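For reference, the structure is listed below as structure tokens.
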Number of protein chains: 2
Amino acid sequence: MTTIPTDKKLRLASWAEQTAPSPMQDMLALTARPGLISFGLGLPNQELFPRVAFAHASMQVLHNKPHTLQYGPAGVAHNLKASIVQLMKQRGVTTSEEQIFLTTGAQQAINMLARLLLEPGGLVLAEEVIYTGFLQVLEPFGAKLLTVPTCPKTGMDVDAVEAILQAGQRPSFIYAITDGHNPLGSSMSQAKREKLARLAREYGVPVIEDDPYGFLAYEELTIPPVKALENEWVFYVGSFSKILAPGVRIGWVIVPEALTNKLSIVKESYDINTANWSQHAVAAYLETGELADHLDLLRREYRSRRDTMLRAIQSHFPSETRAEQPSNGMFIWVQLPDFVDVPTLLRDAVEQKGVAFFPGQAFETAGSVAGKHSMRLNFSNATHEQIEQGIQAIGELIEAQRTK
Amino acid sequence: MTTIPTDKKLRLASWAEQTAPSPMQDMLALTARPGLISFGLGLPNQELFPRVAFAHASMQVLHNKPHTLQYGPAGVAHNLKASIVQLMKQRGVTTSEEQIFLTTGAQQAINMLARLLLEPGGLVLAEEVIYTGFLQVLEPFGAKLLTVPTCPKTGMDVDAVEAILQAGQRPSFIYAITDGHNPLGSSMSQAKREKLARLAREYGVPVIEDDPYGFLAYEELTIPPVKALENEWVFYVGSFSKILAPGVRIGWVIVPEALTNKLSIVKESYDINTANWSQHAVAAYLETGELADHLDLLRREYRSRRDTMLRAIQSHFPSETRAEQPSNGMFIWVQLPDFVDVPTLLRDAVEQKGVAFFPGQAFETAGSVAGKHSMRLNFSNATHEQIEQGIQAIGELIEAQRTK
């Protein structure tokens, strides 16, 4: 009989031993406080979800199509793919159902593409300040990150991308949010899009173009995504989370047709297939044709909240503050004067004023200090009154720091 | 200006270059043929889905709870976790909401646990003949597999597990399907469960207990899962796919509370959170109390299909055939006489008789020949008439091979 040692400790994979919950998780817990005004998370406004129309679509599907509750190949909702082809046309992208792969939200799409493209310890190129969920995808790979700066007006520094490629570095892929950047709010200029497309093609380095905010466009003139300029080397990631509702958990990837077989292998190992029920419910909703009006509503509502927030920043934040007007998305990136201690500001804002935001540092890649005196403000999920009141409260705390 | 080389080829991660679609994918395509009798895939019977009750629950949730379409922390449906605690009690497992983590189906749960526990190139212990979806999870890790045989009557060879551990091998985890094994149909004896629990505890090697079929129990006497014997070192994976419907894509893990934080990090990088809508719809369905009757219905229907299939095998297959009666699940594993060429049998069955099944080889781990003369037959997804007709047709083809 073996003796039982009592010092056994569970061994996790080394990345998992070291990892800690993301700031997003903490923020989610924080924002559950009743009465808190939150500019923190990137939540779409749930008052605007087309609940009645969607509930009707869902009901119709459950009644008419028993197989929507069954397993099925990833691509079972062909009518959904057909609708996505039409949606992409509105963004200036010509594609076909054969190039579309459906996923359990855009996050899974990014994770699956990384799984396909990246070796453990591999190399990735991305912006210095970037969506934290992307960094979480890289973590288990122990990936090495090459970073480039981002211009608040024109987006990713594509010359810096070129310099890295010219120097002989070959990342497994380049990650880019080209419209309504998270967290910077920036959209990439046409010239930069063209150059990025050319670099991807010339150097044979794929671009993962993450585009959850492309349809949330607030200006008359919108530019098509990089995907429209380069079909083979740009892998486009789209999502219904911001234009319909996150709860449906449906995203899509547009890749060269040959890659969809590989994606289906990854998909099966991840979660077998994207919920058929959800796929068909979204398809049925899209077939009503109501999305166009719904998008108009979202653009109108979010645009006016954006404008309210920009006006409030101008009124209540110090004159040295810099904040670009985002043409897309849900975020305003605010660069505060150097005297502002942002972590203290956040603590005071939550505790004294009941207002939350994300400090810029939360989005920094390793070694970057680009977010030190910055904050990300979400404007989609608060009322005009909350925006005015919350920004004024933060402004008062900033002034109090100055005079200390 | 750089010249444009035309020989650029997309480089995938090395595992992805080598991988090929699973036999399941091919089978899914095959079974889409109209009129085909399929004993191939492990599909629950969609005629038995509680569609009306579930549609009602879904509708109620969409009408009353707008936040079910919003993002939310993974554990948002506390009432669902409370219901799972009660469900587990029926399996003889005492747990708490704090130990339960909700996932997008059981497949994701297994994938996430592997992500947490396994290093690239790491070591895993499993049965020689095993669920292909598990092998797909291991593939990107380049994991090394230690295997043990399985007894068709009493399950996994736990003495062989002990020998491996005694020899000093320390796999990151042991993977076991303890009830209604896929593909073998076996359920582990009480003595083996006790020994496996003891080995996990003594050697500090966690067991992932994959239990999608535990609630589909066809005998009076059911044995609790290994989880009931060892709470710390057994990570239990449950699923609503086989007892409610796969389309809801909800599974769960029961782990020590300290691990749920780590799981939430993996979860966020995989797909942010499990669809709230689906979580709440399942919770609302469970709160109607209808699941108990529904499980009775499933057990009755599947038991009688199992019995029909066993009788048909006895009538139409050669007398040398061996097939155990499974006490749980959806599968009968059939060991055919050595003269049977199973790949040819499958081809002829599909082409000449319009009947599909899975050859045993599809479930073999590398180096194994344990499935060479075997087949996996699913009995949940066909009518009694189809079972009788399909088994007779396969029996005729087997006889034709004998006399060749």
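Since this is a predicted model, take the numbers as computed values, not measurements. First the proteins, then the strands, lettered A, B, ... as listed; each starts at 1.
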Which of B/S278, B/A16, B/S269 touches chain A most, by non-hydrogen pairs under 4.5 Å: B/S269
Region of B/A114 in contact with chain A, defined by heavy-atom distances below 4.5 Å: neither
Audit row: A/L43, B/Q70, side chain to side chain contact (heavy atoms under 4.5 Å, CB included) steps and yes/no: CA-CA 8 Å; A/L43 300 182; B/Q70 184 59 284; 3.8 Å; yes
Separation of B/I265 CD1 from A/E139 CD (nearest 0.5 Å): 7.0 Å
Residue part contacting chain A, namely of B/L10, when any heavy atom lies under 4.5 Å: both
Distance (rounded to the nearest 0.5 Å) between A/E17 CD and B/L116 CG: 9.5 Å
Derivation of the side chain to side chain contact (heavy atoms under 4.5 Å, CB included) call for B/Y71 and A/L41: CA-CA 10 Å; B/Y71 288 113; A/L41 294 167; over 6 Å; no
Backbone of A/L117 reached by a side-chain donor or acceptor of B/R11 within 3.5 Å: no
Contacting moiety of A/L138, where chain B heavy atoms sit under 4.5 Å: neither
Contacting moiety of B/P140, where chain A heavy atoms sit under 4.5 Å: side chain
Winner by heavy-atom pair count (cut-off under 4.5 Å) against chain A, out of B/G204, B/P246, B/A106: B/P246
Flag side-chain contact, heavy atom, 4.5 Å: A/L62 against B/S58: yes
Output field: ring centroids B/F49/A/W277 closer than 6.0 Å: no
Residue part contacting chain B, namely of A/P44, when any heavy atom lies under 4.5 Å: both
Residue pair B/L69 / A/Q46, side-chain heavy-atom distance below 4.5 Å: no
Closest-packed option against chain A by number of heavy-atom pairs under 4.5 Å, given B/A109, B/A13, B/G251: B/A13
Winner by heavy-atom pair count (cut-off under 4.5 Å) against chain B, out of A/G122, A/A20, A/G105: A/A20
Pairs of heavy atoms under 4.5 Å with chain B: top-ranked of A/M59, A/R51, A/H56: A/R51
With B/F235 via ring-ring contact (aromatic ring centres under 6.0 Å, His included) - residues at least two apart: none
Sidechain-backbone polar pair: A/E119 side chain, B/S14 backbone, donor-acceptor under 3.5 Å: yes
Rounded distance (nearest 0.5 Å) linking atom OG1 of A/T19 with atom CG of B/N261: 10.5 Å
Pair listing, side-chain hydrogen bond (donor to acceptor under 3.5 Å, both in side chains) test, anchored in residues 102-118 of chain B, at least two apart: B/T104-B/Q108, B/T104-B/K267, B/T104-B/D271, B/Q107-B/Y131, B/Q108-B/K267, B/Q108-B/D271, B/N111-B/Y270, B/R115-B/Y270
Donor-acceptor contact below 3.5 Å, side chain B/K8 vs main chain A/V205: no
Euclidean distance, A/N273 CG relative to B/R249 CZ, rounded to 0.5 Å: 5.5 Å
B/L259 versus chain A, the contacting section by heavy-atom distance below 4.5 Å: side chain
Per-residue contact mode, B/A200 against chain A (heavy atom under 4.5 angstrom): neither
